[in-house]
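Read the structure below first, then the notes.
Just so you know, ligand 1 is whichever comes first in the structure, and atom 1 is the first atom listed for that ligand.
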Amino acid sequence: MRLRPEIVALPAYAQGKSAAADAYKLSSNENPFDPLPGVVQAMQTATDFNRYPDASARALREALAARFGVSVDEVHIGSGSVALISQLLLAAAGPGDEVVYAWRSFEAYPSLVTVSGATSITVPNRPDFGHDLPAMAAAITDRTRVVIVCTPNNPTSTIVTAEEFDAFMAEVPRDLLVILDEAYVEFVTDPRAVNGKTLLGKYPNLVILRTFSKAYGLAGLRVGYAIGPASILNAARSTAIPLSVTAVASVAALASLEAEPELLARVAQLAERRDAAWRSLRVQGWNVPRPQGNFLWLPTGTQTIEVAEKLGEAGLVVRPFPPDGIRVSIGEEEAVEILLRNTAEIVRTLPTSHLARQLG
Ligand SMILES: Cc1ncc(COP(=O)(O)O)c(C=O)c1O
């Protein structure tokens, strides 16, 4: 069978491991709270699924357009923001083109770029685990078609500041698409962080991506959105698999927007839990970058698998990214307590010269 060799060589998407009944799943940056009853009720009213959904998810686009102060054409809905990344890459990049992004970053980027036919150009994160935007700007060539900036960055949980982002955009050609992936933006508490909402209309080449999967707790329904210039989003619409956003997902997203105060109160609770966990880890002697997503980064380096296994034995399913580190989602309160009980001991087993112990 003649298949595309670069596709055959791709590893399948590695999902965060599921947890046994007595373990906590901290491997997929999910929201640990159960769905809100009001959202479930709204979904139960969307029962005409003998019909296809509205292909453009118009009602949800209208609600988001009003919220962001943009036109309906400047909003595009996808079955998860990962679908939107794929569509934008397909729209802008193909064989012979390059896509620049930081590494480590979201683990789906490399394969989505390969599927588009383009080549990934990865720029190592700074020693403090944040994006090196000047180096990313320097990596742009006349073959570059897309740059992806992820803030807070999955998996290091670091932010790009507004100042850094503006300085970066000043370096980027105006006909080069920049995707600002803000899947975790609702968890950000650092006032210095860039927020795509404040940049809408400022750059003709900027698209921001957000999702209902994380803060709004709808990961299983698959719904995310892009906001940006209509001409770019129209191109993304042309590459989309038609009708992939289900009616029930749209209804749940609309109900979640209505229930936003309640959902954001949960987000604030998770952010507080995260900050408390980060402070405790620092006291224990861990070098953990200040987290701004709903997850923490332990730079365990070559000990990554070993530490992830120890946490697994303690009942925590975390996400190892060997040979760099471990991403731990902020889940239930008890899960964080178990984490901290175990990290206190684990840190002492690491050599004092280990990156995970060199407090930055
Ligand atoms: C940085 C980042 N972007 C996008 C996504 C995709 O989220 P979804 O497709 O569920 O909207 C994720 C999910 O983990 C992510 O971490």
Side-chain angles (χ1 to χ4, degrees), residues 13-18 25-32 35 57 60 64 75-89 99 101-113 115 120 122 125 129-131 146-160 178-188 193-196 207-228 236 240-241 244-246 249-250 252-253 256-257 263 267 270 274 291-297 317-319 321 325-331:
Y13 180 73
Q15 191 170 19
K17 267 199 203 149
S18 53
K25 184 175 181 225
L26 308 179
S27 55
S28 296
N29 292 348
E30 293 155 336
N31 192 316
L60 180 55
L64 289 167
V75 182
H76 174 42
I77 313 293
S79 49
S81 55
V82 73
L84 297 164
I85 300 167
S86 163
Q87 291 169 22
L88 287 162
L89 289 171
V99 178
Y101 54 91
W103 199 251
R104 273 195 181 266
S105 194
F106 181 29
E107 62 273 18
Y109 296 155
S111 47
L112 294 176
V113 171
V115 170
S120 285
T122 55
N125 285 322
F129 311 102
H131 278 20
V146 184
V147 182
I148 310 176
V149 175
C150 185
T151 176
N153 183 46
N154 174 6
T156 57
S157 217
T158 49
I159 49 142
V160 166
V178 176
I179 300 175
L180 188 62
D181 185 344
E182 297 191 293
Y184 303 95
V185 69
E186 296 87 356
F187 296 95
V188 171
V194 67
N195 185 321
V207 171
I208 69 170
L209 295 187
R210 295 187 172 195
T211 179
F212 285 94
S213 296
K214 311 291 180 182
Y216 297 84
L218 303 183
L221 289 175
R222 316 301 306 122
V223 55
Y225 55 100
I227 304 189
I241 294 173
S244 52
V245 179
T246 66
S250 285
S256 300
L257 290 176
L263 289 169
V267 166
L270 289 169
R274 168 198 72 197
Q292 289 288 285
N294 61 340
F295 53 96
L296 295 157
W297 177 246
V317 182
V318 295
R319 188 64 174 268
F321 290 110
I326 298 174
R327 191 188 71 198
V328 187
S329 309
I330 299 300

Report, one line per pair, each donor and acceptor closer than 3.5 Å where one atom sits in a side chain of residues 79-88; sequence neighbours left out.
from, atom 1, to, atom 2, distance (Å)
Q87, OE1, H76, NE2, 2.6

Hits for ring pair (Phe, Tyr, Trp, His ring centres under 6.0 Å) against Y109, two or more places apart or cross-chain, chain-then-number order -> Y101, F106
Anything with a heavy atom under 4.0 Å from ligand 1 counts, so go ahead and list those protein residues by chain and number. G80, S81, V82, F106, C150, N154, D181, A183, Y184, T211, S213, K214, R222
A side-chain contact here means heavy atoms from C-beta on lying under 4.5 Å apart; do L64 and L257 qualify? yes
Is it the case that the side chains of T158 and N153 hold a donor-acceptor pair, with the cut-off being a distance below 3.5 Å and no angle test? no
Test side-chain contact (heavy atoms from CB on, under 4.5 Å), reference V194, set I159, V160, V188, output is V160
Which pairs with one or both residues in residues 207-221 pass salt bridge (charged side-chain N to carboxylate O under 4.0 Å, His left out), sequence neighbours excluded? E182-R210
